[in-house]
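In what follows, every chain begins at residue 1, and chains take the letters A, B, ... in the order their sequences are listed. All of these numbers come straight from a predicted model, not from anything done at the bench. Basis for what follows: all heavy atoms, side chains included, without hydrogens, waters or symmetry-related copies.
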Number of protein chains: 4
Amino acid sequence: MPRKPNTAERRSQIVAALLAEIAVQGYARASVQAIARRAGLAPGLVHYHFRDKEEILLELIASLARVARAREAALAAAATTPQERLQAWLDARLASGPGAAPDAVAAWVMIGAEAVRQPEVGRAYRAVLNEELAALTGCLQACLAARAKATAQAPRLAAGLLAFMEGAFQLSSAARELVPEGFAAGMAMQFALRCIDAEPPAGRPAREDAV
Amino acid sequence: MPRKPNTAERRSQIVAALLAEIAVQGYARASVQAIARRAGLAPGLVHYHFRDKEEILLELIASLARVARAREAALAAAATTPQERLQAWLDARLASGPGAAPDAVAAWVMIGAEAVRQPEVGRAYRAVLNEELAALTGCLQACLAARAKATAQAPRLAAGLLAFMEGAFQLSSAARELVPEGFAAGMAMQFALRCIDAEPPAGRPAREDAV
Amino acid sequence: MPRKPNTAERRSQIVAALLAEIAVQGYARASVQAIARRAGLAPGLVHYHFRDKEEILLELIASLARVARAREAALAAAATTPQERLQAWLDARLASGPGAAPDAVAAWVMIGAEAVRQPEVGRAYRAVLNEELAALTGCLQACLAARAKATAQAPRLAAGLLAFMEGAFQLSSAARELVPEGFAAGMAMQFALRCIDAEPPAGRPAREDAV
Amino acid sequence: MPRKPNTAERRSQIVAALLAEIAVQGYARASVQAIARRAGLAPGLVHYHFRDKEEILLELIASLARVARAREAALAAAATTPQERLQAWLDARLASGPGAAPDAVAAWVMIGAEAVRQPEVGRAYRAVLNEELAALTGCLQACLAARAKATAQAPRLAAGLLAFMEGAFQLSSAARELVPEGFAAGMAMQFALRCIDAEPPAGRPAREDAV
DNA sequence: CATGAATGAGCTTTCATTCAT
DNA sequence: GATGAATGAAAGCTCATTCAT
């Protein structure tokens, strides 16, 4: 008389609990007991559904990436121009307002720190960032192309925006009062447009740009 | 015939050991024992010179801020124009090459994560960032003024560059291979110059800028 | 098929072990390790069942109070007159012979010392003494009333007997050979009866008694 | 060039500091460092003047006994009758008002607890109590003799009063609000007088007293 | 005599993980 | 699937005592 499996549900409960714990405690101090308590489960159950604590973290990383992509997809639905698509991409990650998830942002900051230490976590973290980078590069290339500009600098600019994004997460988690409320999305767009506009037309080398 | 105090020396030994440990382990896992071992001291001695682990961290934060300012002072010595001064400020934090301290960068990332959790650490972290912000704003205002541009956007731009800086630290610690080697200082300068050049002349409102 | 909870049993095991340790070591030196060892448990288990050491102590205080009341109930079962009830009350606490628990007495002395230091312990300690005082006052009032004497002095006399009781515990723990073997119960009764007999009949003021 | 020895002064400084610490912390938690700090001395100096912590405690015990005897001597100076001398003895230990030293009382309670544990402390503690008992017995015998009563019960009564005294110390340290303010000296005298008055004249056996 | 750094054992507490039920 | 007790290895911190100066 097999009961119907609920592993998927349990796993996401646990991942959500880790998200909440990690956002305020950091990973090292997010104890399995606390995760279980927050998820409303018995402690032992956590290790039934996950091999160890790291595995929960890895799933959380994947989950956060999925959420960001989903928010972007929603925002991008109405976009028609490359610039609108870029805007959607940035807003999905950086805009305040509905859909913003401060806990997720704080958790991501903690994950970034943990990525330095745990090789497996580092791999997962970089895999996510790599996809972000690729997508962002694509957006930027489209914008540049739409303006008949050279696209060679797109990867570099994407890396710059990614760094800005990570730093904005950091500041919004740990130093919210130091930066203007909700400035991140606008600032990112500003950086992007300024650099795009300054790019020379396609076909010509971009020598003087090597700042 | 009292033994002569050596607390200052011991304290900096211990702070240096915490820096090294935190860079690879994070704060929570940088055990006092490991710190002592790395500093070549008996475990108990750490708590003779510091009330608790947090106090070491607070001193480390202050110490890192001092180091950054010192590096900047050295670089800024030869600067004559506002733009060179800005360059010195950014290079002191972001340039690779001599004076770059990957351990310090990684430690700072860990501190940023810890700042979310420990209120006292958060305060110290924000105090440092606040000073950075003020100094950077000053550099930007000088650059804008030198070009006869409105300076109103300087604080916002400074916040943007600070976020980029923090994010660049993060990426260089946890995802070095995703970003071009040593691109951070150049990218920051590019963001800054593009935005500065795009500012309208002083005296005219900057309406269309509210990106 | 959950394992059935045994917390109640474990907790009383641990409390009993603390009683034994505290009686010879005092609270500060009754280490959790030693408690666990004496209870035959793994060290970590103590903190699974109790938040911290203080919580064990608080439960021990409650437990000792329960034991005293139980012994008294047994002795008072056969009592018919108020004086016999008083005797039962005093014997339950002070008599040597069967039911006497030197360890509990020594533990209570240590608890009294600890009550000076730990506010929460002080509260629990005073709560128990307060109940003792109320019960004893009741016994004394009944005795006085049975002899048609004024009962106004009952609270004061009860406080005096309570002090004697605490002191007798102290001496029997730390200076047994200085006091006659098993004299405490008799001495307390003697104090009580002498004072009761000396009280003036009810209805008349007891002025000359204000010693 | 020998400096003039100040050992005696230093020792009493240290003893006084232990008194203050022990009164609020208990002996086990009165750290040598804290004692030194309170005495305004360097930590190492404590072990120059005392072999170890226990030795300080032993001297404190002796010191407290001396203080009690000194206060008694002052009060007894004006006493002419045995009863006045008894009063002086009890007041010296139990009266509130000038000369009362709550810290000393609390310290004595802590010492009583420690006496259970440390054999050497126990010996010193009992030695003091033994002298107290002898002196008190003497007072009581004198009172009884002055009234032409049998003195055989004096030791027993003295033990009872001593127990009351120790218990009054305990209550005044840990449960001050449970007992009437400043009732101890009066209560002790009341116990004493009631029992003295109830004693039969000398020369006749005291059978009915075997309560 | 005096200083204060140094030592290392021992303390309470936390926690990932295991496992009997 | 689920429970919650159990384990034992750390962790941070305290402290009596020693000792070079």
Side-chain angles (χ1 to χ4, degrees), chain A residues 1-7 9-10 28-37 41-56, chain B residues 1-7 9-11 28-36 41-56, chain C residues 1-7 9-11 28-36 41-56, chain D residues 1-7 9-10 28-37 41-56:
Chain A
M1 197 169 30
R3 15 185 134 185
K4 94 171 186 297
N6 57 355
T7 294
E9 185 193 340
R10 286 279 181 263
R29 263 172 281 238
S31 79
V32 172
Q33 320 258 350
I35 294 167
R37 201 179 318 123
L41 303 174
L45 205 49
V46 172
H47 278 87
Y48 180 84
H49 291 292
F50 288 93
R51 188 171 18 81
D52 54 21
K53 221 177 107 177
E54 189 185 73
E55 198 187 271
I56 318 177
Chain B
M1 242 170 287
R3 172 185 284 209
K4 81 162 183 286
N6 62 349
T7 295
E9 186 193 336
R10 284 280 179 267
R11 282 177 71 100
R29 260 171 284 239
S31 81
V32 172
Q33 301 267 347
I35 294 167
L41 303 175
L45 200 51
V46 172
H47 282 93
Y48 179 80
H49 291 292
F50 288 92
R51 190 171 17 82
D52 54 21
K53 215 178 117 179
E54 188 186 74
E55 200 187 83
I56 318 178
Chain C
M1 244 171 284
R3 172 185 284 209
K4 82 161 181 284
N6 61 349
T7 294
E9 185 192 338
R10 284 281 179 265
R11 281 176 73 98
R29 260 172 286 238
S31 79
V32 173
Q33 301 266 348
I35 294 168
L41 303 174
L45 200 51
V46 172
H47 282 92
Y48 180 80
H49 290 291
F50 288 93
R51 189 169 19 78
D52 54 22
K53 218 178 115 177
E54 188 186 75
E55 199 187 84
I56 317 178
Chain D
M1 197 167 37
R3 15 186 136 183
K4 92 171 190 299
N6 57 356
T7 295
E9 186 193 338
R10 285 280 182 266
R29 261 172 282 239
S31 78
V32 172
Q33 320 257 350
I35 294 166
R37 201 179 316 124
L41 302 174
L45 205 50
V46 172
H47 279 87
Y48 181 84
H49 291 292
F50 290 92
R51 188 170 18 81
D52 54 21
K53 221 177 107 176
E54 188 185 76
E55 199 188 270
I56 318 177

(message) Just the rounded figure in Å: distance from P of E/dG4 to CZ of B/R11.
(response) 16 Å

(message) Which is more 5' along DNA chain E, the nucleotide nearest D/L45 or the one nearest C/R51? Just name the residue.
(response) D/L45

(request) Please state whether the phosphate of F/dG4, meaning OP1 or OP2, lies under 4.0 angstrom from any side-chain nitrogen or oxygen of C/T7. (result) no

(message) On the nucleotide E/dG10, are OP1 or OP2 found under 4.0 Å from the side-chain N or O atoms that C/S31 carries?
(response) no

(request) Just call it for C/A30: base, sugar-phosphate, or nothing, with non-hydrogen atoms closer than 4.0 Å on any strand. (result) sugar-phosphate

(message) Can you tell me which nucleotide in F/dA16, E/dT13, F/dA6 comes closest to the side chain of D/K53?
(response) F/dA16

(message) Could you tell me how far E/dC1 sits from F/dT21 if I compare only their C1' atoms? Round to whole Å.
(response) 13 Å

(request) Calculate the interatomic distance between B/H47 atom NE2 and E/dA9 atom C1'; express it in whole Å. (result) 15 Å

(request) Take atom CZ of C/F50 and atom P of E/dT14, then tell me their distance rounded to the nearest Å. (result) 15 Å

(request) For D/Q33 and D/P43, work out which heavy atoms get closest and say how close. (result) OE1-CG, 3.9 Å

(request) Check whether any side-chain nitrogen or oxygen of B/H49 sits under 4.0 Å from OP1 or OP2 of E/dA6, and answer yes or no. (result) yes

(request) Select from B/V32 and C/P43 the residue whose nearest nucleotide in DNA chain F is closer to the 5' end of that strand. (result) C/P43

(request) Let me know the distance between CD of A/E54 and P of E/dC15, rounded to the nearest Å. (result) 18 Å

(request) Identify which nucleotide among E/dG4, F/dA2, F/dC13 has an atom closest to any side-chain atom of A/R10, counting heavy atoms from C-beta outward. (result) F/dA2

(message) If I take atom CG in residue C/L41 and atom C1' in nucleotide F/dG8, what distance separates them, rounded to the nearest angstrom?
(response) 14 Å

(request) May I ask which nucleotide in the shown strands pairs with E/dG4, Watson-Crick or G-U wobble, both distances under 3.5 Å? (result) F/dC19

(request) Please check if the side chain of B/R11 supplies one atom and the backbone of B/F50 the other of a donor-acceptor pair under 3.5 Å. (result) no

(message) Using every non-hydrogen atom in the two residues, find where C/V46 and C/A36 come nearest and quote the distance to one decimal.
(response) CG2-CB, 3.8 Å

(request) Report yes if at least one side-chain N or O of A/N6 is closer than 4.0 Å to OP1 or OP2 of F/dG1; otherwise report no. (result) yes

(request) Report the nucleotide, chosen from E/dA5, E/dA2, E/dA6, that has the shortest atom-to-atom distance to any side-chain atom of D/Q33. (result) E/dA6

(message) I'd like to know if B/Y48 reaches the base of E/dA5 with its side chain such that a donor and an acceptor end up less than 3.5 angstrom apart.
(response) yes

(message) Distance check needed: F/dC13 C1' versus B/I56 CD1, whole Å only.
(response) 11 Å

(message) If I compare all heavy atoms of B/H49 with all of B/N6, which pair ends up nearest, and what's the gap?
(response) CE1-OD1, 4.3 Å

(message) Rounding to an integer number of Å, can you tell me how far B/E9 CD sits from E/dG4 C1'?
(response) 15 Å

(request) Please report the closest heavy-atom contact between C/A28 and D/R29, naming both atoms and the distance. (result) CB-NH2, 3.6 Å

(request) Give, for atom NE2 of B/H47 and atom CG of B/L45, the distance between the pair rounded to the nearest 0.5 Å. (result) 11.0 Å

(request) Taking only the side-chain nitrogens and oxygens of A/R29, find out if one of them lies under 4.0 Å from OP1 or OP2 of E/dC15. (result) no

(request) Take atom CD of B/E55 and atom P of F/dC13, then tell me their distance rounded to the nearest Å. (result) 10 Å

